[in-house]
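Since the structure comes first, as structure tokens, the remarks are kept for the end.
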Amino acid sequence: MTSATDPTDLTTLSVIHNHLVNICREMGTAMMRTAYSPIFNEGLDFSCVLFNRDGEMIAQAEFCPAQLGAILYTVKWSIAELGLDSFEEGDVVIHNDPYRGGCHMPEHMVLKPIFYEGELFGFAANIGHVAEIGGMAPGSFAATATDVFQEGLRLPLVKIMRRGEYVHDLWKLVLANHRTPRNTWGDFHAMIGSLHIAERRVHRLLDKYGVAFINAACRELMNHAERWMREEIRRMPDGEYAFEDVMEDDGATENPTHFRVTMVIRGDEIIADWSRSDPQARGIVNATFGVTASATYNAIFHVTDKNIPHNSGCYRPIKIIAPPGTCVNVRYPGPSVAGNTESHPRMVDLILGALAEAVPERVAAAEGGTSCNFLFGGVHPDTNQYYVNYHFEGGGWGGRAFADGNSALIVPNGNCRNTPVEVFETRYPFLTQWYRLVQDSCGPGTHRGGLGTQRVIEVLPPAEITVSAVFERMKVSPWGLFGGGCANNSAILIKKRGDTTFRTFKEVYHTTSPAKFVNCVVSAGDQILLEAPGGGGYGDPTQRSTEAVLRDITQGFISADAGRELYGVVTRRVDGRHEVDVDATAAQRAKMSSTAALPAAR
Amino acid sequence: MAGHWEQRNTDWWDTTVLNCSLCGQMIPRDIWVVEAASETRLFCGPDCERLYLEYWLPKYGASQRDASP
């Protein structure tokens, strides 16, 4: 046992907090290293947490924000629904129910009780995006779904392990309904294995400090986080701040869906009121309660101190109103697969847009706002095995008061990584023609947005591949703030073998939406172009320093034309190098300052 | 607060979800029941009753579209 005697001592609290967070990080490392699917071991699309026996989150690691808000509810509700008495040592509970706090059907939560000396201490849990769970499309992004049954196999709250033993009937049922059962087997074991690691590490912590000491420290850590978050909120000006944006279509119809938020700051509390949002959509853009909660917390964490411990305490001052039956809280049996990947980033942007008036120095302009979900499956010509992959692309993030937006980054709900070309080509019958930043894709600003990316992949012979996609931001551009301009839009296009130009899937396959479609069969020689949007600009672009504009032109981030038209910086080539024409720039900026309207990036 | 706790009893085969009248959260077991005038509202806890009275009613009024399940 340790010699520490005061569980509320700040040094001791810091040691215990870091210990708990490191357990969660080690859980994630285990998942990354042992999973079978690239979405785990390359994309890191999972999150790991620890809870006490009262259903309060005592620690989380910095993985996927899309899941870290939702898991607060999925674990608490699972414990409440099953009852503490139902848990036995060695049990593992699983569910992917979007109506029970889940983010969308592919994301499965596993939860294991941690017993110590015969008594229940708490729980280890994680949520991971399982890449293939059946349903109407390989990769289980049923872009045209109109109900949950088309989206894959829904597991209610059930035990997948009982007292350390496989529940065979459940495993058989799951494996028979997923297209790639071997991957499911491997990924489920990665998830469950991380729980075992957490259990061992928590036992060591309890060996060192004892249960009463750790419980007291966790209580104080949560109260500390709550006080810190309340203080952060109290510093924001009281008021009501509203914003709205739109999802362009819902996959099943061409109807837009409007998301609206009113952020109410009252003293040391924030209310995120989503109740003016549209009714539930027919298609897949609906958010679950878990998504709306995650997006709300995600955005608020962007504008508050990053050092606040992320346990249940810091969530207490944040109230969420998300009426069921609207696009921010889908009701059974409504579909929701895009709510997590597409609506979540839009909702984060909405809150940042709303809070721009209150805390302009802490927000960012709109980021790319789409995960550019690209799903494909088929029989691999080399192995004769069925394969499926879920792929996403990173775009640009919005400019901020103090810096440009980042480029080629996965949306803020993901915190995931881009899949390397080498992994892509090694595992799947695609040849990457190019993968690059898109010049001029960023919204102009004093601090410009980040750049989007473009990838062109060609199907290798003799493969025939079934592809699906869920994209957004094809029509409505990521917006700028405080005079910053819009970024470019996304695209997914196809050039059939023998064609000379890329066309939309709507033109070639007659899909309802050019952005959201399922089960289009592509063949050897066909090329697919995936383009992620850039981020919006922050502040008047004519206030951007000429040095920064020149650097962007030199590095190819923006063209010389964009430098002149959008930023008012005129350059010329001297001995193959760009130089600023000082007089022409002064004249151009003077001319632009008299023009109110700001042209878009494209 | 005017409410009281009741427990939701569901059969093992019942997969339906009950949501809070205000915030929309799922109510897994314990319901905060508020009976006022001729209406019964089901909340996830006293905090939501307070928020309903202090924020929702003054802002939207009882006749506006609300989050009732």
Side-chain angles (χ1 to χ4, degrees), chain A residues 55 70 72-84 86 95 97-102 148 154-158 240 262 264 266 269-280 287-293 296 316-326 328-333, chain B:
Chain A
L72 197 68
Y73 297 96
T74 54
V75 172
K76 188 167 70 174
W77 295 346
S78 296
I79 296 168
E81 197 169 3
L82 290 175
L84 281 179
S86 69
H95 90 63
D97 191 338
Y99 314 108
R100 284 179 157 70
V148 70
R154 182 164 66 114
L155 297 177
L157 193 55
V158 288
E240 296 197 6
T262 304
V264 183
R266 287 181 168 185
E269 282 190 355
I270 286 183
I271 304 166
D273 179 357
W274 295 94
S275 54
R276 294 180 302 109
S277 297
D278 277 358
Q280 185 168 313
T288 65
F289 182 87
V291 166
T292 298
T296 301
R316 290 174 190 155
I318 303 164
K319 312 295 180 193
I320 296 164
I321 298 176
T326 65
V328 297
N329 192 353
V330 62
R331 242 192 192 141
Y332 174 88
Chain B
M1 295 291 103
H4 63 277
W5 287 109
E6 286 183 16
Q7 200 163 79
R8 183 176 184 229
N9 293 310
T10 52
D11 294 304
W12 68 266
W13 41 261
D14 185 356
T15 61
T16 56
V17 169
L18 178 69
N19 298 99
C20 173
S21 290
L22 182 73
C23 72
Q25 286 190 39
M26 172 190 166
I27 301 177
R29 190 172 287 236
D30 295 325
I31 313 168
W32 183 254
V33 180
V34 177
E35 285 150 0
S38 57
E39 278 189 322
T40 300
R41 291 191 172 272
L42 309 179
F43 295 111
C44 57
D47 268 6
C48 271
E49 186 194 354
R50 178 180 64 85
L51 202 58
Y52 178 76
L53 295 172
E54 293 178 2
Y55 171 74
W56 181 276
L57 268 181
K59 187 175 179 70
Y60 297 106
S63 61
Q64 294 294 309
R65 186 190 84 176
D66 66 14
S68 297

Atom [atom1] in [X], atom [atom2] in [Y]: separation rounded to 0.5 Å?
X       : Y        : atom1 : atom2 : result
B/Arg29 : A/Ile79  : CZ    : CD1   : 12.0 Å
B/Gln25 : A/Ile320 : CD    : CD1   : 7.5 Å
B/Cys44 : A/Trp77  : SG    : CH2   : 8.5 Å
B/Cys23 : A/Asn329 : SG    : CG    : 8.5 Å

With a 4.5 angstrom heavy-atom cut-off, is it the side chain or the backbone of [X] that approaches chain B, or both, or neither?
X        : answer
A/Val264 : side chain
A/Tyr332 : neither
A/Leu82  : backbone

Open item on the list: Within the 3.5 Å criterion, strictly below it, is a donor on B/Tyr60 or A/Ser275 matched to an acceptor on the partner's side chain?
Closed with: yes
Exercise. With the threshold set at 4.0 Å, does a side-chain nitrogen-carboxylate oxygen contact exist between B/Asp47 and A/Lys319?
Worked result: yes
Find out whether [X] and [Y] are in side-chain contact, i.e. whether some heavy atom of one side chain is under 4.5 Å from a heavy atom of the other.
X       : Y        : value
B/Met26 : A/Tyr73  : no
A/Glu81 : B/Thr10  : no
B/Tyr55 : A/Ile321 : yes

Exercise for the section: Give a yes or no answer on whether the side chain of B/Asn19 reaches the backbone of A/Pro324 with a donor-acceptor pair at less than 3.5 Å. Expected result: no
All heavy atoms of B/Thr15 vs all of A/Arg100, minimum pair found to be O-NH1, 3.4 Å
